[in-house]
Amino acid sequence: MRRLSSDDAGSEVDLVEAYAYPEGRTWLRANMISTLDGAAWSLEGRSGGLGNEADRRLFSLTRGMADVVIAGAGTARVEGYGPVDPGAGWDELRKGRTAVPPLAVVSRSLDLDLDGPLFTEADPRTILLTVADAPADRLVKARDRADVIIAGEHAVDFAEARRRLEERGHRRLVCEGGPHTLAQVVADGVLDELCLTLSPKLLSGTASRVLNGTVLAAPAGMRLQQVLEDEGFLFLRYFKE
Ligand SMILES: NC(=O)c1ccc[n+]([C@@H]2O[C@H](COP(=O)([O-])OP(=O)(O)OC[C@H]3O[C@@H](n4cnc5c(N)ncnc54)[C@H](OP(=O)(O)O)[C@@H]3O)[C@@H](O)[C@H]2O)c1
């Protein structure tokens, strides 16, 4: 065992550098937050209440760095996702790309407000990652309002989804959960990196942890890449082993 402190402990970190995507390959990162006791959302069912200003900055930065932001329909519904808003410092980050990344919402049911801003105002258009047996009537309307990608028969296969996003030129991917979606991403073997904010709070109760799905046959090993700290929050960066 060893201490993590080093000579430059305490100095301000260049987050753009600290969270740079590896060059020259497609890379799928997830950005999640958890309390010390493993809760992925707080009382009102949202994860926002768990974070601090630095976590919100990181959330914005990981969006700004990404070519596409992937989110499960559950999160889009609960958190009321709309089109991505540009964040501070994005002009430099997004040079040569669209001003904001598109959102790619994962859904089988397509039970989403297709008349809402996420589908009527987003520029670039929202992407829907869905399945062949999605409700036919909703699929027709979805095709009108979004860029629809069918990536599986009954469930989105994230290896296929990732390939299809890559074909569109999206190589820097960030998944914002939620826990059901992220569990499937990991089960499909395509998660390269987990950015986990450990919030110094205890919550108890029945909130999900950051992955919530079928138990994996073997634990997916992750290698610690970076630890940052702010106000007792830990910002952990892990790469797939
Ligand atoms: N702690 C964190 O960092 C964090 C991050 C994000 C969200 N959250 C919290 O997590 C909660 C929502 O999470 P959740 O796990 O319930 O929902 P979720 O993962 O956001 O969304 C689940 C939904 O996504 C669709 N989906 C996921 N995988 C699919 C697949 N392989 N094929 C087809 N559709 C698929 C389905 O949508 P349909 O039902 O439309 O078919 C499914 O019901 C919210 O409370 C949110 O605040 C926490």
Side-chain angles (χ1 to χ4, degrees), residues 28-52 54-56 58-60 62-63 69-81 103-114 116 118-119 126-139 141-142 146 148-162 164-165 174-191 193-201 203 205-214 216 233-238:
L28 199 169
R29 142 192 300 172
N31 184 26
M32 303 292 285
I33 186 167
S34 166
T35 63
L36 294 181
D37 60 320
W41 59 71
S42 57
L43 293 176
E44 70 280 17
R46 297 183 182 201
S47 56
L50 303 180
N52 69 347
D55 180 62
R56 286 185 282 280
L58 181 59
F59 181 83
S60 172
T62 55
R63 280 190 160 193
V69 176
I70 302 167
T75 296
R77 288 189 284 256
V78 171
E79 305 270 352
Y81 269 29
L103 261 165
V105 179
V106 187
S107 175
R108 180 188 307 107
S109 72
L110 299 181
D111 182 10
L112 293 155
D113 180 8
L114 295 170
L118 183 55
F119 296 98
T126 295
I127 297 167
L128 268 170
L129 295 171
T130 190
V131 292
D133 70 357
D137 52 335
R138 290 193 190 147
L139 200 50
K141 188 166 180 180
V148 172
I149 296 178
I150 306 282
E153 273 299 304
H154 312 296
V156 167
D157 169 354
F158 284 97
E160 172 70 9
R162 177 181 161 132
R164 299 287 297 279
L165 291 170
V174 66
C175 175
E176 296 181 348
H180 282 99
T181 300
L182 187 56
Q184 196 56 51
V185 169
V186 174
D188 289 342
V190 292
L191 185 75
E193 171 183 347
L194 176 63
C195 297
L196 180 68
T197 299
L198 202 52
S199 168
K201 297 176 201 289
L203 194 65
T206 55
S208 164
R209 56 220 242 193
V210 294
L211 265 71
N212 189 356
T214 309
L216 299 171
F233 286 71
L234 290 182
F235 299 86
L236 309 170
R237 195 175 180 206
Y238 284 93

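When reading the values below, keep in mind they use all heavy atoms of this one structure, side chains included, and skip hydrogens, waters and symmetry mates. Indexing begins at 1, ligand by ligand and atom by atom, following the structure's order. Fair warning: this is a prediction, and the values are worked out from it, not measured in the lab.
- To the nearest 0.5 Å, the span separating OH on Y238 from CG on L196 amounts to 7.5 Å.
- By the criterion of a heavy-atom distance under 4.0 Å, neither the backbone nor the side chain of R209 is placed next to ligand 1.
- Distances between N or O atoms of I33 and those of ligand 1 include at least one value under 3.5 Å.
- Of all protein heavy atoms, the one lying nearest to atom 29 (C) of ligand 1 is V106 CG1, 3.7 Å.
- Of the options I150, V106, I149, L128, a side-chain contact (heavy atoms from CB on, under 4.5 Å) to V156 is made by V106 and by none of the others.
- For D157, there are no side chain to side chain donor-acceptor pair (under 3.5 Å) partners at least two apart in sequence or on another chain.
- Note on ligand 1: N212 sits outside its first shell, no heavy atom being nearer than 4.0 Å.
- Residue A73 has at least one heavy-atom neighbour below 4.0 Å for each of these atoms of ligand 1: 21 (O), 23 (C), 24 (O), 37 (O), 40 (O).
- How far OG1 of T197 is from CD1 of I33: 5.0 Å, rounded to the nearest 0.5 Å.
- Under the 4.5 Å side-chain criterion, counting only non-hydrogen atoms from C-beta, E153 is not in contact with D133.
- Nearest to atom 12 (C) of ligand 1 among the protein's heavy atoms is T75 OG1, 3.6 Å.
- Taking every heavy atom of M32 and a limit of under 4.0 angstrom, the matching atoms of ligand 1 come to 2 (C), 3 (O), 4 (C), 5 (C).
- From L198, atom CG reaches atom OG of S34 across 6.0 Å, with rounding to the nearest 0.5 Å.
- For atom 35 (C) of ligand 1, a protein non-hydrogen atom is found at a distance below 4.0 Å.
- Of the polar atoms of G178, at least one N or O is found under 3.5 Å from an N or O of ligand 1, judged by distance alone.
- Heavy-atom proximity to F158, at under 4.0 Å, picks out these atoms of ligand 1: 31 (N).
- Here the heavy atom of the protein found nearest to atom 27 (C) of ligand 1 is T181 OG1, 3.3 Å.
- The shortest N or O to N or O distance between L182 and ligand 1 is not below 3.5 Å.
- What sits closest to atom 6 (C) of ligand 1 on the protein, heavy atoms only, is E176 O, 2.9 Å.
- In this structure, E160 CD and D188 CG are separated by 11.0 Å, a value rounded to the nearest 0.5 Å.
- Taking atom 13 (O) of ligand 1 as the reference point, the nearest protein heavy-atom neighbour is P179 CD, 3.2 Å.
- Residue L28 holds its CG atom at 9.0 Å from CZ of F158, rounded to the nearest 0.5 Å.
- In this structure, R77 counts as a contact residue of ligand 1, since one of its heavy atoms falls inside 4.0 Å of the ligand.
- Between S34 and ligand 1, no N or O atom pair is found at a separation short of 3.5 Å.
- Judged by the 6.0 Å and 45° rule, R63 forms a cation-pi pair with Y81.
- Ligand 1 has no N or O atom lying under 3.5 Å from any N or O atom of Q184, backbone or side chain.
- A donor-acceptor contact shorter than 3.5 Å links the side chain of R162 to the backbone of V190.
- Under a 3.5 Å cut-off, the side chain of S60 and the backbone N or O of R56 do not form any donor-acceptor pair.
- Among the atoms of R108, some N or O lies under 3.5 angstrom from an N or O of ligand 1.
- The shortest N or O to N or O distance between G74 and ligand 1 is below 3.5 Å.
- Here L50 contributes atom CG and S199 contributes atom OG; the two are 5.5 Å apart, rounded to the nearest 0.5 Å.
- Residue W41 places no N or O, backbone or side chain, under 3.5 Å from any N or O of ligand 1.
- A donor-acceptor pair is defined here as one N or O able to donate and one able to accept, closer than 3.5 Å; such a pair exists between the side chain of T75 and the backbone of G178.
- Around atom 32 (N) of ligand 1, the closest heavy atom drawn from V210, D157, V156 belongs to V156.
- By the 3.5 Å distance cut-off applied to N or O atoms, A40 is counted among the residues near ligand 1.
- Of the protein's non-hydrogen atoms, the one nearest atom 45 (O) of ligand 1 is G45 O, 2.3 Å.
- Heavy atoms from both the backbone and the side chain of H180 come within less than 4.0 Å of ligand 1.
- Side-chain contact check for D55 versus F235: some heavy-atom pair is nearer than 4.5 Å.
- In terms of protein heavy-atom proximity, atom 38 (P) of ligand 1 is closest to S109 OG, 3.4 Å.
- Only the side chain of E79 comes within 4.0 Å of ligand 1, judged by heavy-atom distances.
- Proximity of R237 to R29: side-chain heavy atoms (C-beta onward) are separated by under 4.5 Å at one or more points.
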